[in-house]
Amino acid sequence: MVKIAPSILSADFSKLRDQIEIAEQAGADWLHLDVMDGHFVPNITFGPIMVEAVKKMTNLPLDVHLMIENPDDYIRGFRDAGADTITVHVEASRHLNRTLNEITKLGAQVGVALNPATPTAFLEQILNDVNLILVMTVNPGFGGQKFISFMVKKIRFVANLIKESGRDIYLEVDGGIDKLTTPTVVEAGANVLVSGSAIFGAADIAKALTEIKSSIPDPEIS
Ligand code: DX5
Ligand code: ZN
């Protein structure tokens, strides 16, 4: 079952409630919220206050992607604000095992993200501590970037790692996901698709989301 997680990064924030509702009715499974601090990535978005506001706008699970330095200092705030899944970047956490365990203690689903240039070797050491692995398919920081096709090999590798572990771990992809890249990433093993500009940047949000759903290869459709 493949899940679609539209990223509000590309939404029109002046119409956010309406746009989220359209995505929800069109079949979004989760809502993806990109938190950027201007340090870990060269862009700034929003903090827990926004997560709290979005929580009141939807019943969809909130998938919070932290692109921030010192995530340990902020995970409680995001959990209190209503994050259902909290994903931290391996590159931003000095004591990743501790960070992941803190998220577990707070009762949220635990995610770990890898930038495109980050190798997968460390995953073996933390497979027991996560519910989700996010393979970035662009360099984080901005919506609307081009999918890095070299990442398909990495998705396939991580999918195998998860399979061999026998654990139920989501494999999420984020960056440049649209109706053209969806078949490739799903075939490689991704089962949570984050998509920002291809959904919220489209003139018809519902149609764009439906088209991405329809491009999921048949046996994988949810
Ligand atoms: C990028 C963010 C993404 C972004 C994806 O740093 O993590 O979630 O919203 O945007 P698109 O789908 O436009 O590549
Ligand atoms: Zn993201």
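Only a predicted model underlies this, so the values are computations on that prediction, with no experimental measurement involved.
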Novice: Is the number of heavy atoms from other residues, nucleotides or ligands within 6.0 Å of CG (D168) greater than 12?
Specialist: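 No, the 6.0 Å shell around CG holds no more than 12 heavy atoms from other groups.
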Novice: Side chain of Q109, backbone of L132: donor and acceptor closer than 3.5 Å?
Specialist: no
Novice: With hydrophobic residues grouped by side-chain heavy-atom distances under 4.5 Å, do L193 and I205 end up in a single group?
Specialist: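 Yes, same cluster.
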Novice: Out of curiosity, I169 CD1 to L123 CG, how far, rounded to the nearest 0.5 Å?
Specialist: 9.0 Å
Novice: Are any non-hydrogen side-chain atoms of P61 and L31 less than 4.5 angstrom apart?
Specialist: no
Novice: Check whether D29 reaches the backbone of I4 with its side chain - one donor and one acceptor, N or O, closer than 3.5 Å.
Specialist: yes
Novice: Counting N and O atoms only, with roles assigned by atom type, does the side chain of K3 sit under 3.5 Å from a partner on the main chain of W30, one being a donor and the other an acceptor?
Specialist: no
Novice: With the 4.5 Å side-chain cut-off for hydrophobic clustering, are V90 and F40 part of the same group?
Specialist: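 No, because V90 and F40 fall into different hydrophobic clusters, even though each may have its own neighbours under 4.5 Å.
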Novice: Would a 4.5 Å heavy-atom cut-off, applied to side chains only, mark I103 and I86 as touching?
Specialist: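 Touching, per the 4.5 Å side-chain cut-off.
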Novice: Do S7 side-chain atoms and G196 backbone N/O form a donor-acceptor pair below 3.5 Å?
Specialist: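 It does not hold such a pair.
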Novice: Could you walk me through whether V194 and E172 pass side chain to side chain contact (heavy atoms under 4.5 Å, CB included), step by step?
Specialist: CA-CA 7 Å; V194 177; E172 184 174 60; 3.4 Å; yes
Novice: Could you state whether L9 and L134 fall into the same hydrophobic cluster, counting links through intermediate Ile, Leu, Val, Met, Phe, Trp or Tyr residues with side-chain heavy atoms under 4.5 angstrom apart?
Specialist: no
Novice: When you group the ILVMFWY residues by side-chain heavy-atom contacts below 4.5 Å and let the links chain together, are L106 and V35 in the same group?
Specialist: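 In one cluster: yes.
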Novice: Is a side-chain donor or acceptor of T182 paired with a backbone partner of I212 at a separation under 3.5 angstrom?
Specialist: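 Such a contact is absent between T182 side chain and I212 backbone.
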Novice: Can you name the nearest heavy-atom pair linking G111 to L100, along with the distance?
Specialist: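 What the structure gives for the nearest pair is O-CD2, 4.0 Å.
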Novice: If you take all heavy atoms of V41 and P140, which pair is closest and at what distance?
Specialist: CG1-O, 3.4 Å
Novice: Determine whether I126 and V158 fall in the same hydrophobic cluster, where Ile, Leu, Val, Met, Phe, Trp and Tyr are linked whenever their side-chain heavy atoms lie under 4.5 Å apart.
Specialist: yes
Novice: Using the side chain to side chain contact (heavy atoms under 4.5 Å, CB included) definition, which of the options I199, T45, V54, D34 pairs with I8?
Specialist: V54
Novice: Would the distance check show the side chain of S93 and the main-chain N or O of H89 forming a donor-acceptor pair, the cut-off being under 3.5 Å?
Specialist: no
Novice: So does V110 get a backbone contact from the side chain of N131, meaning a donor-acceptor N/O pair under 3.5 Å?
Specialist: yes
Novice: Is the closest basic N to carboxylate O distance between E21 and R17 below 4.0 Å?
Specialist: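 No, this pair does not count.
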Novice: Measuring from atom CG of L66 to atom CZ of F78, what distance do you get when rounded to the nearest 0.5 angstrom?
Specialist: 5.5 Å
Novice: Looking at CE of M36 and CG of L33, how far apart are the two atoms once the value is rounded to the nearest 0.5 Å?
Specialist: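 It is 11.0 Å, given to the nearest 0.5 Å.
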Novice: Please walk me through it: do I133 and L114 pass side chain to side chain contact (heavy atoms under 4.5 Å, CB included)?
Specialist: CA-CA 8 Å; I133 296 170; L114 294 76; 3.8 Å; yes
Novice: Would you indicate whether the side-chain heavy atoms of E124 and L161 approach each other to under 4.5 Å?
Specialist: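 No; the side chains remain at least 4.5 Å from each other.
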Novice: Any heavy-atom pair between the side chains of I68 and H39 that's under 4.5 Å?
Specialist: no
Novice: In this structure, which one of T85, D63, T87 forms a side chain to side chain donor-acceptor pair (under 3.5 Å) with H32?
Specialist: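 With H32 as partner, T85, D63, T87 yield a single side chain to side chain donor-acceptor pair (under 3.5 Å), made by D63.
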Novice: Strictly by modelled atom types, are D178 and T181 linked by a side-chain donor-acceptor pair under 3.5 Å?
Specialist: yes
Novice: Taking all heavy atoms of S165 and all of I162, pick out the closest pair and write down the distance.
Specialist: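 Where S165 meets I162 most closely, the heavy atoms are OG-O, 2.7 Å.
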Novice: Is the closest side-chain heavy-atom distance between P48 and Y74 below 4.5 Å?
Specialist: no
Novice: Can you tell me how far apart CD1 (I75) and NZ (K105) are? Round to the nearest 0.5 Å.
Specialist: 9.5 Å
Novice: Checking side chain to side chain contact (heavy atoms under 4.5 Å, CB included) against F147, which of V185, V138, V173, L180 comes through?
Specialist: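 Filter result, single survivor: V185.
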Novice: Only pairs at least two apart or in different chains count here, so list each salt bridge (Lys or Arg N to Asp or Glu O under 4.0 Å) that has a residue in residues 79-88.
Specialist: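 Found K55-D84.
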Novice: Considering only NZ, NE, NH1 and NH2 on the basic side and carboxylate oxygens on the acidic side, decide whether R76 and E102 come within less than 4.0 Å.
Specialist: no
Novice: Taking all non-hydrogen atoms of both residues, which atom of A83 and which atom of V51 are closest, and how far apart?
Specialist: N-CG1, 4.0 Å
Novice: What heavy-atom pair brings P71 and A92 nearest, and what distance separates the two atoms?
Specialist: CD-O, 3.4 Å
Novice: Taking L171's backbone N and O only, do any of them form a donor-acceptor pair with N191's side chain (distance below 3.5 Å, no angle check)?
Specialist: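 Side chain of N191 to backbone of L171: a pair is present.
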Novice: Under a plain distance cut-off of 3.5 Å, with no hydrogens placed, do N115 and N139 share a side-chain donor-acceptor pair?
Specialist: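 No, no side-chain donor-acceptor contact under 3.5 Å.
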Novice: Any donor and acceptor pair, going by atom type alone, linking the side chain of D37 with main-chain N or O of E69 inside 3.5 Å?
Specialist: yes
Novice: For the CZ atom on F150, are there more than 12 heavy atoms of other groups (residues, nucleotides or ligands in this structure) within a distance under 6.0 Å?
Specialist: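 No - once you tally the heavy atoms of other residues, nucleotides and ligands closer than 6.0 Å, there are 12 at most.
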Novice: Donor-acceptor pair, distance only, cut-off 3.5 Å: does the side chain of R167 make one with the backbone of V130?
Specialist: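 Yes, because the side chain of R167 sits within donor-acceptor range (under 3.5 Å) of the backbone of V130.
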Novice: If you link I, L, V, M, F, W and Y whenever their side-chain heavy atoms are under 4.5 Å apart, who else ends up in the same group as F142?
Specialist: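 Same cluster as F142: nobody, lone residue.
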Novice: Does a side-chain N-to-carboxylate-O contact under 4.0 Å join D12 and K15?
Specialist: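 Result for this pair is yes, salt bridge flagged.
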Novice: Shortest non-hydrogen contact from A188 to A159?
Specialist: O-CB, 3.6 Å
Novice: Tell me, do K213 and K179 make a side-chain contact under 4.5 Å, heavy atoms counted?
Specialist: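 Of all side-chain heavy-atom pairs linking K179 with K213, none is under 4.5 Å.
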Novice: Between CE of M50 and CZ of F13, what distance do you get to the nearest 0.5 Å?
Specialist: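 One finds 4.0 Å between CE of M50 and CZ of F13.
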Novice: State the CG-OG distance between D174 and S195, to the nearest 0.5 angstrom.
Specialist: 9.0 Å
